[in-house]
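These notes concern the structure reproduced below.
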Amino acid sequence: MGLWLIPRPSKPCSTRLFVQVGLAMSILLKLLEGGCSSQVPNSIASNELLVALRKADMRVEFKQVFDKLRENKGVEMDNWGYNICIHAFGCWGDLGTSLSLYKEMKDSNLESVGPDLPTYNSLIHVLCLVGKVNDALTVWEELKGSGHEPDAITYRILIQGCCKSYRIDEATNIFSQMQLNGYIPDTIVYNSLLDGLFKARKVNDGCHLFEKMVQNGVRVSTWTYNILVDGLFKNGRAEAAYTLFCDLKKKGQFVDGVTYSIVVLQHCKEGLLEKALGLVEEMERRGFAVDLVTISSLLIGLYKEGRWDWTDKLMKHIREGNLVPSVLKWKADMEASMKTPQSSRKDYTQLFPSKGDFSEIMSLINSANSTMDADLDSEDARVKDDDKNVSTDTDQWSSSPYMDQLANQLKPIDHSSQLFSFSRGQRVQDKGEGSFDIDMVNTFLSLFLAKGKLSLACKLFEIFSDLGENPVSYTYNSMMSSFVKKGYFNEAWGVLNEMGEKVCPTDIATYNVIIQGLGKMGRADLASCVLDKLMKQGGYLDVVMYNTLINALGKASRIDEVNKLFEQMKSSGINPDVVTFNTLIEVHSKAGRLKDAYKFLKMMLDAGCSPNHVTDTTLDFLGKEIEKMRYQKASMVRNKDDFR
DNA sequence: ATAGGGTTAG
């Protein structure tokens, strides 16, 4: 008892819910034990409980009930039960269990048990969640030809999966198919696609979709406007975004705490701290919660401008709740811990045992290799399976042979095949005072790192590791990124190593840092190697990844590859942004391809992408190069004249 | 179920 009464910090769930779910669970377990006379729970009761446990993110308890049910004392799992479990295990990253449950459903002797459309929807969802969007799409294709009609849920899951993995053209395509098949996309589907378009830097398409949404009479929500405001800001349309924000405020609708948070962040980024604080005061006045995310933006803004004294102002503004006081207390505690020289380790270089040179990267590449080989093996297996099906002609008809194949090729414990998932770090609300909350650690880490205070960052890392807190991928990524920036490659690979040992899920940012590191080490060859494997495994590239790669290749004077990658970027449905263009202009200027550099400048302006201060410095350089070139040409002409 | 912070360019 008591185990499930401890609230999981990841979701803002009420303690009451935990108590209720916990009670329900203890009753059900009692019934299953046969401890309560002859009462036997039915499947509906257990399914309801499983759903509740999943929603409350109570993994351990879910597994407990699941295991009990599987001991097969009285309750048979029905289709609904299977579908709930497939979905739940997938949500928690356990693709293996989901797939074996599917297999079990197929092999079941019970007439009433077998995969149905909800099963396939769950499986497709799970594949998308663990980042295997290619597999999800294959299953979907097979499903369409097997007599199963995809429903609105199938379409929603696929569109969301494609958007999150930057397969924006696929997403748009499925969106049209959905409408052709008579389904009217709802607010959620529109919002998902809208966000995907903005994240892929397709501002015009995004705005167009929004207009279409309004024209078609689809209900727009606060989320829609938040996506729009954020999307405009991030795509260089700050003025339009701010105007929209003000209009919405005037109308007094479609504004919430997140809307303010978005605008506050942008102000902080532009160094407009007073305006940001003014907005915080306003949101407080209007009763919107100033949460940890907003406070993080403010803290980073304040610190970058060196204005710690303004935290008093923060205190004044955010009276409600004890978030600011506890954040400040957190900061004080942290600073106190940093002063005490309890460290046995002398300096940060000893923090991460550097196991040397390229071996980690090579093993990374090798592991990518082996999973690729496994895929090839399974490809063979598939061919063989097909042969078998034809020759033996058993009644092994399946809605999705590919799904069966995925389930069959499964190893008992299969974490290796997972590339990276879309799950971001867990959000911690408020663990109480004096605790080192990972989100705060991450915020302060990036503060220190941004100021180049590596040793402070390492100290913090050390303190909270010693406290037994678990770093998340973000923590590792930002540490690695800073080491790479400073040229401490061994330390960076050390972090990568530690990350692997802690089985911390890698995300796309991890790969971004690796590529960045390889580029800085002058190993663009390895960078494109990593990229290659990534693509072959069905991984995806985001805007940052393309930009990092273009930079790495450019610095290595691999201009042809740069241009190839730029084409690939566009054809895969991702629009270049300011960073892309700035990088392209710089790289081409430095390579002496001044005409090309100019071409990209023109392309940038034509695309409606406004230059920023980085563009200015790059153009200065380009201008000087052009000047030099003219001078050289002129002197060449002079020389020729002299010769005559 | 869908949105906001902390990782890319000079």
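Since the model is a prediction, treat every value here as computed from it, not as a measurement.
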Report the distance from atom [atom1] of [X] to atom [atom2] of [N], rounded to the nearest whole Å.
| X | N | atom1 | atom2 | answer |
| --- | --- | --- | --- | --- |
| A/M545 | B/dT8 | CE | P | 14 Å |
| A/N226 | B/dA3 | CG | C1' | 6 Å |
| A/Y155 | B/dA1 | OH | C1' | 18 Å |
| A/Q516 | B/dG10 | CD | C1' | 14 Å |
| A/L549 | B/dT8 | CG | P | 15 Å |
| A/Y242 | B/dG4 | OH | P | 21 Å |
| A/F210 | B/dT2 | CZ | C1' | 15 Å |
| A/L158 | B/dT2 | CG | P | 15 Å |

Please pick, from [options], the nucleotide with the shortest atom-to-atom distance to any side-chain atom of [X].
| X | options | answer |
| --- | --- | --- |
| A/R54 | B/dT8, B/dG10, B/dA1 | B/dA1 |
| A/L265 | B/dG4, B/dG10, B/dA1 | B/dG4 |
| A/N547 | B/dA1, B/dT2, B/dT8 | B/dT8 |
| A/V614 | B/dA1, B/dG10, B/dT8 | B/dG10 |
| A/V579 | B/dT7, B/dG4, B/dA9 | B/dA9 |
| A/D195 | B/dA3, B/dA1, B/dT7 | B/dA3 |
| A/K199 | B/dA3, B/dT2, B/dG10 | B/dA3 |
| A/I188 | B/dT8, B/dG4, B/dA1 | B/dA1 |
| A/D256 | B/dA9, B/dA1, B/dA3 | B/dA3 |
| A/K234 | B/dG4, B/dG10, B/dA1 | B/dG4 |

A/Y260: which residues meet the ring-ring contact (aromatic ring centres under 6.0 Å, His included) condition with it, sequence neighbours left out? A/F245, A/F288
Tell me every residue that passes ring-ring contact (aromatic ring centres under 6.0 Å, His included) with A/F581, counting only those two or more places apart in sequence or in another chain. none
Atom pair OG/CZ of A/S296 and A/F444 - distance to nearest 0.5 Å: 8.5 Å
With a 3.5 Å cut-off and heavy atoms only, can you find an N or O donor on one side and an acceptor on the other between the side chain of [X] and the base of [N]?
| X | N | answer |
| --- | --- | --- |
| A/N191 | B/dT2 | yes |
| A/N612 | B/dA9 | yes |
| A/D616 | B/dG10 | no |
| A/T294 | B/dG4 | yes |

Given DNA chain B, 5'-ward residue of the pair A/V189 and A/V544, judged by closest heavy atom: A/V189
DNA chain B: 5'-proximal contact among A/T224 and A/K304 (nearest heavy atom): A/T224
When all nucleic acid strands are considered with a 4.0 Å heavy-atom cut-off, which category describes [X]: base, sugar-phosphate, or nothing?
| X | value |
| --- | --- |
| A/V513 | nothing |
| A/T443 | base |
| A/D230 | sugar-phosphate |

Using only atom types and a distance under 3.5 Å, with no angle test, would you say the side chain of A/T224 pairs donor to acceptor with the backbone of A/V220? no
Flag for A/T154-A/N121: side-chain donor and acceptor within less than 3.5 Å: yes
Charged tip of A/K590 within 45° of A/F621 ring normal and under 6.0 Å: yes
Would A/K249 count as a cation-pi partner of A/Y242, with NZ or CZ less than 6.0 Å from the six-membered ring centre and within 45° of the ring normal? no
Go through residues 550-558 of chain A and report each residue with a non-hydrogen atom lying under 4.0 Å from DNA chain B, sorted by number. A/N551, A/K555
For the residue pair A/W140 and A/Y155, categorise the inter-ring angle as parallel (less than 30°), tilted (30 to 60°) or perpendicular (more than 60°). perpendicular
Where do A/D247 and A/K251 land on the salt bridge (Lys or Arg N to Asp or Glu O under 4.0 Å) test, with the steps shown first? CA-CA 6 Å; A/D247 282 354; A/K251 286 182 197 148; 5.6 Å; no
